[in-house]
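In what follows, a structure is listed as structure tokens, so that the remarks can point back to it.
Below, chain A is the first sequence line, B the second, and so on; all start at residue 1. Values below: every heavy atom of this structure, side chains too, minus hydrogens, waters and symmetry copies. These numbers come from a predicted model, not from an experiment.
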Amino acid sequence: MSEPSNEIPKQYNPTAAQEKWAAFWDKNNFFHSQPNPNKKPFCVVIPPPNVTGALHMGHALNNTLQDITVRMKRMQGFETLWIPGVDHAGIATQAVVERRLLEEEKLTRHDIGRDALIQRIWNWKEKYQTRIISQLKEMGCSCDWNRTRFTLDEMCVKAVRHFFFKLFEQKLIYRSKRLVNWDTFLQTAVSDDEVFHETIEGHFWYVKYPVIQPKPDEPEFVIVATTRPETMLGDTAVAVHPDPESALNKVINNLKKRIENAPEKEKPDLQKELDDIENRKSSGKLDNLKKLALMAKNGCRIKLPLTDRIIPLIADNWAKPEKGTGCVKITPAHDPNDYEVGKRQELPIINILNKNGTLNENAGKYAGLTIKKSREQVVADLEERGLLISVEERIIELAHSDRSKTPIEPFLNDQWFIKMDTLAQNAIDTVNNSEVRIFPERYKKGYIDWLSEKRDWPIGRQLWWGHRIPIWYCYGATEKEIEKAFAGRNDILWQWDSENNVWWICSQTEDLPEDAVSGYTIVQEEDVLDTWFSSALWPHSTLGWPEQTPELNYYYPTGVLITNRDILTLWVARMVLAGKFNTGKKPFHDVFIHPKILDKYGEGMSKSKGNGIDPISVIAKFGADALRFALAYMTTENQDIRLTLDFECPYCGTIVEQTKKNRTQPKIICPKCGVAFRTQWAETESDKMLTEGAMLGERFEVARNFCNKLWNAARFVLLSLQEPQTQHNETRQPQNHTDIHFLEDRWILSRLATVTKNVTESLETYRYADAMRLLYDFAWDEFCSFYVEMVKSRLADETRKTQAQTVLIYVLNTLLRLLHPVIPFVTEEIWQRLRLSGNLTGVGLTDNDFTESIVIALWPVADESVINTEMESQFKIFQELLRAIRDVRASRNVPPKTEITFSVRCDTPTATLLKPMEPYFLSMTKSRATGWGESVTVPVLSSTVPLAGMDVYVDLSDLIDVAAETAKLEKEITKLDGFIKSKESKLNSDFVNKAPATVVEKERQSLTELQEQRQSAIEALTKLKTV
RNA sequence: GGGCGAUUAGCUCAGUUGGUUAGAGCGUUUGGUUUACACCCAAAAGGUCGGCGGUUCGAACCCGUCAUCGCCCACCA
């Protein structure tokens, strides 16, 4: 079975391995899971990526971390299920498809209608779901692909309907008005995330509202200031603070306090603010407000200019005496705060806007004008009537729609809400009592704070793509008629909406026909549910809830949810509350919040910036394993991941730096060879024809190199196994670790056990970077640089060969298993080659040590009995000595092939320890030991290196350079003097009295050593002078 | 305005409960075709741990403060 050595390439080829092993895993169904009473379950649900587009590096990170945990759990013997899936992402996906429709066909959604648009979005979804799943597969994610879910598929629809019905049944769903961000161009509501604020130069108009029949001592006008005069057409009151004086004093006091504590730099600004406010008191403005407050109390009425409406002057805390004129116009239909005031004060709500952004009939003669036109007209009319006092220039932050780049209008709409009170409290308790643990813990605060606001959840969206709200409206029917229509149905509920005189009919299972209530036509609610409504159910809906499926009973609650911090509240908090509400159980035990991927400028990656990177382009260049390792290596607790990536010209290899300018371009012309190559943004056919330029990144190179290092270590082991077998069968028996005599064997096994233990602990507490560092350092510095190097001399010696091979392959086998969760492909490739190498029994291993696939191999458990920290520190002495000799060789330019000798003055135990290591000094640094112990012969022409507890004399004979040697020793003495001095003063201080005895003792010992080293150096120097 | 985080070598980052001389990778310099690996090996240089103050025998680490940067939430008549 074994391959000839020339068939093991010197470089690991990721592409071939990825293809081969992905297919192999798939064929063997390793990732498929079903309830198994003999095993403990472990389940992870993927944070479903949006079907808006392809995955970027943020997803790559998220899924890498999940796969690491999932693969480890699977190896630990859990019945492990990772459920993949995608999210319909209502707003975002509909927006993408609508934008395309407009760009490519110049059509809006109203042109093609609801059904046709939905069909187009389904087509889009199919395309991107396929793309996303294939990206996940390319990354090596070990999901159970048979269980792939979509938030709009039948299973999820059922769960959503059931959840809604339950909420409705418990009267937790209600209808109310809510202001939405209205995009008048696209004629849709957009979410807060899709709004950006832009500072524009605007105006601040001061307008007089005449008071009706003012008493002699009362002002004739109420003056309000506004940046949006046209909204006055929707005013239903003007407000003034009920007690402006105390409110103002309160503000003044707070401000004074702030000035006291404020940094010097901010004080002048604050002082100015304070002066302005205090000025209000003296300038009579306050007196005016006090009068107005009294008038408001007495039911004062004012005339709304430009209309024939009479509106009240009201007293409300919302009016801030320190701002504007102290009086504020109240427009409940077009301002969230005013809406609250309106509700509180029972004011009428007058909507003056059409959905297309023009004014409606409520605006009287301004009806039909656009907002911009109406504003000009209103200002002109006010001026004409002498009601405009003044205009100020003012910088204002204006909300714009991300999608249409037009200003957002706050627009009042009927909305469905969920009452959050108890639901939120349950979710708070679940985290507060650590039933659900959040890692890192600092994110707990954000979660609790957000939920503590207990703001009711608006669940309706004015969209077509999503779960349509399962409510039907029936006007005019009597309760008897409704009852008759749905008699005996426990899947239908109805409720009377007295405000709108309509029946709400909620159906759990089916869509109701128009004629469901005989004699009436019922109409379904047009809106769809917020995307998070279905996402909130993800951990249990994907397992079959509301059915009590075997999967739900077995896998739920799931193990850990791994996600990014942006959606801790929107998604994680909602999952906890929905999980608790629906199943009575938490959805997961742990939540791990991972870092954010930033670009080289420290900016987050996003579609609009165009700085997102397709993980596939990294895989193409460096391999999936390198991608995964690099990301995991950077997943530390409180640092975001900064990725610097540059383009590589595919023709001449020139590195083209990625800039803010070129990162969104579909093609780039190489500055050196002048040929164009395409980027991930290539869209047109001609651009796609070009060769793609790879993405280069230092972190990925490091990770790729690591994979290759591992590959070559394995190559070395495989080659050594292929050497002709000797006949000494009796020496080829399996060895018990405790029988192992060689220091390096015991050392590497001790280190391996320590690493196994620490890696397991790190991964189980989501400290991915720690685990990666441990593995990287162990594999490279300890296993490759020391153990493999040392074993070389033993492999050449028949009498010492077998045990070396046994340990070598044992360590490699364990290391592969520890690394498999993070670099699955290269470890499988090596595993299979070892498994099939055919010589395992010869070195004391059996096929049981190499399972059919590393995917199903057992996770290593540390044999702590072989951990020997004393011996590990002894080994450090060997390493130190080796380094000292190498340093002498390097700094004296001793030719590599020239053998030199050295002797070491040290105590007897050290000598006993080091003497058996002689062959390694020869093989690893071509140096032969001539003596060990208290009294050794010191070569005349030697380089002396004083180390802690020993002196090394490297015989240089004719290679010696006295001047250089002297300089080196002098430098060493100066350095030692510094250390000694600081130690001495430390030991002469209070330190000896106050510090723990062990620490003091350690310091004393260290001082002695330093003094000895210094003495040795002086002696060596003296001797040099005699030469 | 509220909250969170960061500031350590030229660059990107580690640094466990405060305890010898603060670490790694990349880059730089020097030397290498050593029977796995040049995606490599050996070695070296390189740091007042953002500033100031405090607690302590002892501070990169704890406390206060200032500075700079980033993120989240809220608000802006």
>> Rounding to an integer number of angstrom, what distance separates G23(B) and U16(B) when you compare their C1' atoms?
In response: 14 Å
>> Whether R455(A) and E453(A) form a salt bridge (side-chain N of Lys/Arg under 4.0 Å from carboxylate O of Asp/Glu) is what I want to check.
In response: yes
>> Mind checking if K320(A) touches a base, just sugar-phosphate, or nothing, with heavy atoms under 4.0 Å?
In response: base
>> Classify V702(A) by what it touches in the nucleic acid, base, sugar-phosphate, or nothing, heavy-atom distance under 4.0 Å.
In response: sugar-phosphate
>> Taking the nucleotide of RNA chain B with the nearest heavy atom to each, does D640(A) or A714(A) sit closer to the 5' end?
In response: D640(A)
> Of all the nucleotides listed (G31(B), U21(B), A36(B)), which has the minimum atom distance to the side chain of R715(A)?
Replying inline: A36(B)
> Which part of the nucleic acid does R892(A) contact within heavy-atom distance under 4.0 Å: base, sugar-phosphate only, or nothing?
Replying inline: nothing
>> Measuring only the P atom in each nucleotide, how far is G15(B) from G58(B)? A whole number of Å is fine.
In response: 26 Å
> How far, in whole Å, is G64(B) from A6(B) if one measures between their P atoms?
Replying inline: 14 Å
>> Just the rounded figure in Å: distance from C1' of A77(B) to CD of E230(A).
In response: 13 Å
> Which nucleotide, A14(B), U21(B), C72(B), lies nearest any side-chain atom of T636(A)?
Replying inline: A14(B)
> Got a second to check how far L631(A)'s CG is from I641(A)'s CD1, nearest 0.5 Å?
Replying inline: 6.0 Å
>> Whether the side chain of T925(A) engages the backbone of S927(A) through a donor-acceptor N/O pair (distance < 3.5 Å, no angle test) should be reported.
In response: no
Every protein N/O lying under 3.5 Å from an N/O of nucleotides 39-44 of chain B:
| residue | atom | partner | partner atom | Å |
| --- | --- | --- | --- | --- |
| C39(B) | O4' | N705(A) | OD1 | 3.2 |
| C39(B) | O2' | N708(A) | ND2 | 2.8 |
| C39(B) | O2 | R704(A) | NE | 3.0 |
| C39(B) | O2 | N705(A) | OD1 | 3.4 |
| C39(B) | N4 | Q11(A) | OE1 | 2.1 |
| C40(B) | O3' | K709(A) | NZ | 3.1 |
| C41(B) | OP1 | K709(A) | NZ | 2.7 |
| C41(B) | OP1 | W780(A) | NE1 | 2.6 |

>> Is it the case that atom NZ in K444(A) sees more than 12 heavy atoms from other parts of the structure closer than 6.0 Å?
In response: yes
> Which residues satisfy the salt bridge (charged side-chain N to carboxylate O under 4.0 Å, His left out) test with R642(A), sequence neighbours excluded?
Replying inline: none
>> Taking the minimum atom-to-atom distance to the side chain of E789(A), which one of U12(B), C37(B), G19(B) wins?
In response: C37(B)
>> Taking side chain to side chain donor-acceptor pair (under 3.5 Å) as the definition, give me every residue that meets it alongside T331(A), ordered by chain and number, with sequence neighbours left out.
In response: D235(A), K329(A)
> To the nearest 0.5 Å, how far apart are OH in Y209(A) and CG in L313(A)?
Replying inline: 12.0 Å
> How close or far is atom P of G19(B) from atom CD of E1003(A), stated in whole angstroms?
Replying inline: 12 Å
Detail all sub-3.5 Å separations between protein N/O atoms and N/O atoms belonging to nucleotides 4-7 of chain B.
| residue | atom | partner | partner atom | Å |
| --- | --- | --- | --- | --- |
| G5(B) | O2' | N638(A) | O | 3.3 |
| A6(B) | OP1 | N638(A) | ND2 | 3.0 |

> Checking all strands, does A225(A) fall into the base, sugar-phosphate, or nothing category for heavy-atom contacts under 4.0 angstrom?
Replying inline: sugar-phosphate
> K983(A) and E1003(A): salt bridge (Lys or Arg N to Asp or Glu O under 4.0 Å), yes or no, with the steps?
Replying inline: CA-CA 7 Å; K983(A) 292 262 176 222; E1003(A) 285 297 293; 3.1 Å; yes
>> Heavy atoms from C-beta onward define the side chain here; which of C71(B), A24(B), C13(B) lies closest to that of K596(A)?
In response: C71(B)
> Thinking salt bridges, do R833(A) and E829(A) make one under a 4.0 Å N-O criterion?
Replying inline: yes
> Roughly how many Å is it from CG in N564(A) to P in G70(B), rounded to a whole number?
Replying inline: 20 Å
> Is it true that atom NZ of K320(A) has more than 12 heavy atoms of other residues, nucleotides or ligands lying nearer than 6.0 Å?
Replying inline: yes
>> Between the side chains of E637(A) and R767(A), is the shortest nitrogen-to-carboxylate-oxygen separation below 4.0 Å, so that they form an ion pair?
In response: no
> In this structure, which one of D316(A), I330(A), V224(A) forms a side chain to side chain contact (heavy atoms under 4.5 Å, CB included) with V238(A)?
Replying inline: V224(A)
> Atom CG of L631(A) and atom P of G25(B): how far apart are they, to the nearest Å?
Replying inline: 20 Å
>> Mind checking if K10(A) touches a base, just sugar-phosphate, or nothing, with heavy atoms under 4.0 Å?
In response: sugar-phosphate
> Between A796(A) and D777(A), who's closer to the 5' end of RNA chain B by nearest nucleotide?
Replying inline: D777(A)
> What nucleotide, of C37(B), G32(B), C26(B), holds the atom closest to the side chain of E698(A)?
Replying inline: C26(B)
>> Once you apply a heavy-atom cut-off of 4.0 Å, does S1006(A) come out as touching a base, just sugar-phosphate, or nothing?
In response: base
>> What is the separation between atom NZ on K897(A) and atom C1' on U35(B), rounded to the nearest whole Å?
In response: 13 Å
>> Roughly how many Å apart are A74(B) and C11(B), using the P atom of each and rounding to a whole number?
In response: 36 Å
> Is it the case that R928(A) places NZ or CZ above or below the six-membered ring of F921(A), under 6.0 angstrom from the centre and within 45 degrees of the axis?
Replying inline: no
> Side chains of N708(A) and N705(A): donor-acceptor distance under 3.5 Å anywhere?
Replying inline: no
> Of all the nucleotides listed (A36(B), A77(B), A14(B)), which has the minimum atom distance to the side chain of V788(A)?
Replying inline: A36(B)
Give each protein N/O atom lying under 3.5 Å from an N/O atom of nucleotides 55-64 of chain B, with the pair distance.
| residue | atom | partner | partner atom | Å |
| --- | --- | --- | --- | --- |
| C57(B) | OP1 | K994(A) | NZ | 2.6 |

> Given that both pair distances must be under 3.5 Å and the pair must be Watson-Crick or G-U, what runs of three or more consecutive pairs involve RNA chain B?
Replying inline: B:1-7 with B:67-73, B:10-13 with B:23-26, B:28-32 with B:40-44, B:50-54 with B:62-66
> Reckon L568(A) touches a base, only the sugar-phosphate, or nothing at all at heavy-atom distances under 4.0 Å?
Replying inline: nothing
> Hey, does the side chain of K1002(A) come within less than 4.0 Å of U20(B)'s phosphate (OP1/OP2), counting only N and O?
Replying inline: no
> Rounded to whole angstrom units, what separation is found between the NZ atom of K983(A) and the P atom of G19(B)?
Replying inline: 13 Å
> Tell me: NZ of K876(A) to P of G23(B), nearest whole Å?
Replying inline: 13 Å
> P atom, G50(B) versus A59(B): distance in rounded Å?
Replying inline: 15 Å
> So do the side chains of E761(A) and N758(A) get within less than 4.5 Å of each other, counting heavy atoms only?
Replying inline: yes
> Once you round to the nearest 0.5 Å, how far does CE of M790(A) lie from CE of M924(A)?
Replying inline: 6.0 Å
>> Between C1' on A24(B) and CD on E782(A), what's the gap in Å once rounded to a whole number?
In response: 14 Å
> Which part of the nucleic acid, if any, lies within reach of R228(A) when heavy atoms closer than 4.0 Å are counted: base, sugar-phosphate only, or nothing?
Replying inline: nothing
> Taking 4.0 angstrom as the limit, do K792(A) and E789(A) come out as a salt bridge?
Replying inline: yes
